[in-house]
Amino acid sequence: MGEFRVHRVRFFEYQPKAIQCIVYGKEINKIALSRSDGCIEIWDLDNDWYQEKVIPGSESKSIETLCWQGQRLYSAGLDGDVVEYDLKKLEPKATASCNAGPVWCLTTDSHGKFLAAGSEDGCVVLFDTDYSSLQYYRSFDKQEGRILSIAWNTSLEVILTGGVDNMRLWSVKSGHAVQRMTLGRVGKNKETIVWCVAILSDMTLVSGDSRGRTIFWNGKQGTQIKSFQTHQADVLCLAVHENEKQVFSSGVDPKVVQYQYTTTNQDSDWKMWVRTNMWYQHTHDVRALATTGREVISGGVDTNLHVNRLGKEKNKRKIRAIPVYQLVDVAKEKNALLLQYPDYLELWRLGYTRKTSNKDGEMLPEEVPPQKLIQLKSKDGQHIVCSAISSQANWMSYSDLDGLKLYKITMGDPDSISPSVSLRKMKKWFPQYSAHRIVFTPDEKFLVVATSCQKIAVVSLEEDSVSLFHSWDNFTDESIHLLSVSPDSELVAVADLSYKVAVLKLKSKEVVCDLPSYKSRVTALTFTSDSRKLITAYTDQKIYEFDIRKKEYSDWCREVCDKFPDAWTRRHQKICRISTSPRYPDKIFFCDLDKFFILDKTQPFPDRKAKPFDLVARPNSSKVSAFHVCTRFRYLIHMDFVRDDWVVMVERTKLAMMESLPMAMKQKKFGT
């Protein structure tokens, strides 16, 4: 596998945020979810649950509800505004106020022309979204108490709302309530809150309330059909399958319950709602549910996304909350790390030791411990979109929605116990575009910027001046999500979300080559140490090598591209980091969140039908395989090489992330 020493970094205190909302966009087959810090994530289901976009938010501006309308995405929250997002620039596009206080819930009609919002003041507010607009349309009659949940059935021309102690059915034409259903209280002074509602095409209504009940109603008569006490605490969310024969509920009692509309026995035509299944996967409150038709998706306070396949081929997967975009950058020549938090950056000097050992896995004693050198907060607590540091740690840059910031770093003797560090901000140097990705060239002469306007800009860096060198103004029509600069500082590889991968020459506006189009999205890319080839990893787990000079796939790649084992391509964890080393020119180093891998190009691939356990050769194993794995590192956020034979592994353990979560609901277990 190769021998090297590892900086095992665990001082990055990244903490994922709770999931607030989940919505499924059927037309584009994507999931949008929001977190408690106001960020919105877009997940592409066509590429096996790849996190393709993150829209930065703010903890001061909460998102209480999300809604897809075709390919358009909307949110609303406590500021009382409904916001539409530009999914290319990844920023708000249009805003409209409901004029009725905070908005707790949002839904759309099936024609995609109107939105309906439920407000704190007890009003249902309609917004006109036809012809790409977003504007206030009208309000329904005001009710007493706030509206916390809402559902719209366009064919029946009714809207269902839930609030405190009651539900109301509204006529869309008149704006008046046509049905009022009251929920009883346990005690005189304890309200029953309807947290979630749904309405089916046969006028069956579904509600989940603070008493742990999931109730099915006859909407025409306003009477209960059946009530299920399947939860021990508040039911916070509901999801209805597209066939309307299955409903799912969950909440503070963190189990997902499935109800099915089915016959009571084999010979009967009488159908009724029955509880059929339960999933016990979450550790804390479940705040959001959605269904894609084949799967039910849940998320909440424990920050993870759980996906359960429905039907005969039942399987499940857990998607961790660590983002795929880069949170860590390495100054390779100075052994320094830049750590990106939501609204601040930290620059750390890595620890060091001159000790060596011939024993595999031995912990070496530190002579110089790691030290935090800089903490830089963003202006007004703005969320940081991306960040980077140069190889000699002389430059540092980050971007938020206001634009790109660049700093000159002056550092004293890096070998001293406490080196002096100063920052100088470079002002009026670049148009105020925000950036999606940024990277410095290894020679520190240029900064490459992928802007929110889908352009590539090359910025020239000098000691006392910074200027725009040149740019590709209309490079792509989609968001750019990956950048990589060659070790010789001559080339930059660019990947966007339209499946385009191109290699550009930095010092001229020349497009060197475009990689062949491929069915899957790129998840990671890097140049080989000699800058002659580009290595790309895709969502289908395949790794390709492209010869830039010949403008074709390399001989090794063409030999093995059809030999990847089926068990390997069925893996769920995406390759998130990929690297090469001049000491090991025939090896490709890469990792996902769970494991660190080495692909040896000199060794044979396993058989196409090999079982998962036979795919990889483990340390000290006699098995011959091109794939080698090290499971010593878990929850990897970053992996990269620094000077000599050192590798930086940045971990964030499951225990460290769980420690900061709030207390979960106590549940009595058997034998306790």
Side-chain angles (χ1 to χ4, degrees), residues 13-23 25 30-44 51-69 72-98 102-106 115 117 134 287-288 290 299-305 319-327 339-345 376-387 398-405 432-437 451-452 479 481 657 660-661:
E13 298 179 353
Y14 172 77
Q15 183 57 44
K17 300 299 182 180
I19 295 173
Q20 294 283 94
C21 318
I22 302 174
V23 287
K30 298 182 192 296
I31 285 287
L33 67 86
S34 67
R35 296 189 182 270
S36 58
D37 60 355
C39 289
I40 298 174
E41 300 172 7
I42 311 295
W43 294 78
D44 183 5
Q51 186 193 77
E52 64 173 27
K53 301 174 183 177
V54 177
I55 303 173
S58 172
E59 293 194 11
S60 62
K61 189 173 182 179
S62 71
I63 293 178
E64 299 296 327
T65 179
L66 286 174
C67 180
W68 282 109
Q69 192 179 70
R72 302 167 70 183
L73 180 64
Y74 301 88
S75 77
L78 301 184
D79 59 358
D81 293 336
V82 176
V83 180
E84 181 183 358
Y85 293 92
D86 188 321
L87 297 182
K88 291 183 179 179
K89 294 185 177 181
L90 305 183
E91 59 188 31
K93 177 182 178 182
T95 304
S97 176
C98 78
V103 176
W104 294 103
C105 48
L106 194 66
L115 293 174
L134 175 61
R287 293 182 177 174
V301 176
D302 63 7
T303 75
N304 297 313
L305 201 61
I319 302 174
R320 297 191 183 93
I322 297 174
V324 298
Y325 62 88
Q326 182 170 295
L327 293 174
L339 307 179
Q340 177 183 319
Y341 292 88
D343 57 356
Y344 66 94
L345 301 173
L376 178 65
K377 294 186 178 181
S378 62
K379 186 179 180 181
D380 300 326
Q382 287 255 29
H383 271 216
I384 296 172
V385 180
C386 57
S387 60
Y398 78 88
S399 178
D400 54 25
L401 289 180
D402 284 343
L404 197 63
K405 282 79 174 175
Q432 288 304 299
Y433 298 119
S434 63
H436 289 170
R437 297 293 179 265
T451 74
S452 59
S479 300
H481 73 298
M657 290 187 285
S660 61
L661 295 180

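Sequence positions, counted from 1, serve as the residue numbers for this chain. Computed over heavy atoms, backbone and side chain alike; hydrogens, waters and symmetry mates excluded.
Taking SG from Cys39 and CD1 from Ile19, the interatomic distance works out to 12.5 Å, rounded to the nearest 0.5 Å. How far OG of Ser434 is from CG of Asp402: 9.0 Å, rounded to the nearest 0.5 Å. Separating the CD atom in Gln20 from the CD1 atom in Ile40 is a distance of 11.5 Å, to the nearest 0.5 Å. Rounded to the nearest 0.5 angstrom, Asp343 CG and Asp380 CG are separated by 11.0 Å. The line from CD of Glu52 to NZ of Lys30 is 3.5 Å long, rounded to the nearest 0.5 Å. Atom CZ of residue Arg320 and atom OG1 of residue Thr303 lie 10.5 Å apart, to the nearest 0.5 angstrom.
Under the 4.5 Å side-chain criterion, counting only non-hydrogen atoms from C-beta, Glu64 is in contact with Leu78. For the pair Leu401/Pro56, a side-chain contact is recorded, criterion being any heavy-atom separation below 4.5 Å from C-beta on. Using a 4.5 Å heavy-atom cutoff, the side chains of Ile55 and Leu87 are in contact. Side-chain contact between Lys93 and Arg72 is absent, with no heavy atoms from C-beta onward closer than 4.5 Å.
For the side-chain hydrogen bond (donor to acceptor under 3.5 Å, both in side chains) condition, the pairs that include at least one residue of residues 34-44, sequence neighbours left out, are Arg35-Glu41, Glu41-Trp43, Glu41-Gln51, Asp44-Asn47, Asp44-Arg521.
Here the side chain of Tyr398 pairs no donor or acceptor atom with the backbone of Tyr344 at under 3.5 angstrom. Although no hydrogens or angles enter the test, the distance criterion places a donor-acceptor pair under 3.5 Å between the side chain of Asp79 and the main chain of Asp81.
With sequence neighbours excluded, the residues satisfying side chain to side chain contact (heavy atoms under 4.5 Å, CB included) with Ala96 are Phe127, Leu134. Residues passing the side chain to side chain donor-acceptor pair (under 3.5 Å) test with Tyr85 are Ser75, sequence neighbours excluded. A search for side chain to side chain contact (heavy atoms under 4.5 Å, CB included) contacts involving Ser479 returns Lys53, Lys88, Leu90, His436, Leu497, not counting sequence neighbours. Partners of Gln15 according to the side chain to side chain contact (heavy atoms under 4.5 Å, CB included) rule, which considers only residues two or more places apart in sequence or in another chain, are Arg652, Met657, Ser660, Leu661. The side chain to side chain contact (heavy atoms under 4.5 Å, CB included) check on Gln340 picks up Tyr325, Leu327, Leu345, Ile384, Ser387, with sequence neighbours excluded.
For the side chain to side chain donor-acceptor pair (under 3.5 Å) criterion with Asp400, the lone passing option out of Lys379, His383, Lys405 is Lys405.
Heavy atoms from other residues, nucleotides or ligands lying under 6.0 Å from CD of Glu91 number more than 12.
Among all heavy-atom pairs drawn from Ile22 and Gly299, the shortest one is CD1-N, 3.6 Å. Between Leu106 and Ala76, the shortest heavy-atom distance links the atoms CD2-CB, 4.4 Å. Looking at every heavy atom in both residues, Ala32 comes nearest to Leu73 through CB-CD1, 3.9 Å. Nearest heavy atom pair, residue Tyr14 against residue Ala321, reads OH-O, 3.8 Å. Nearest heavy atom pair, residue Ala435 against residue Cys386, reads O-SG, 3.5 Å.
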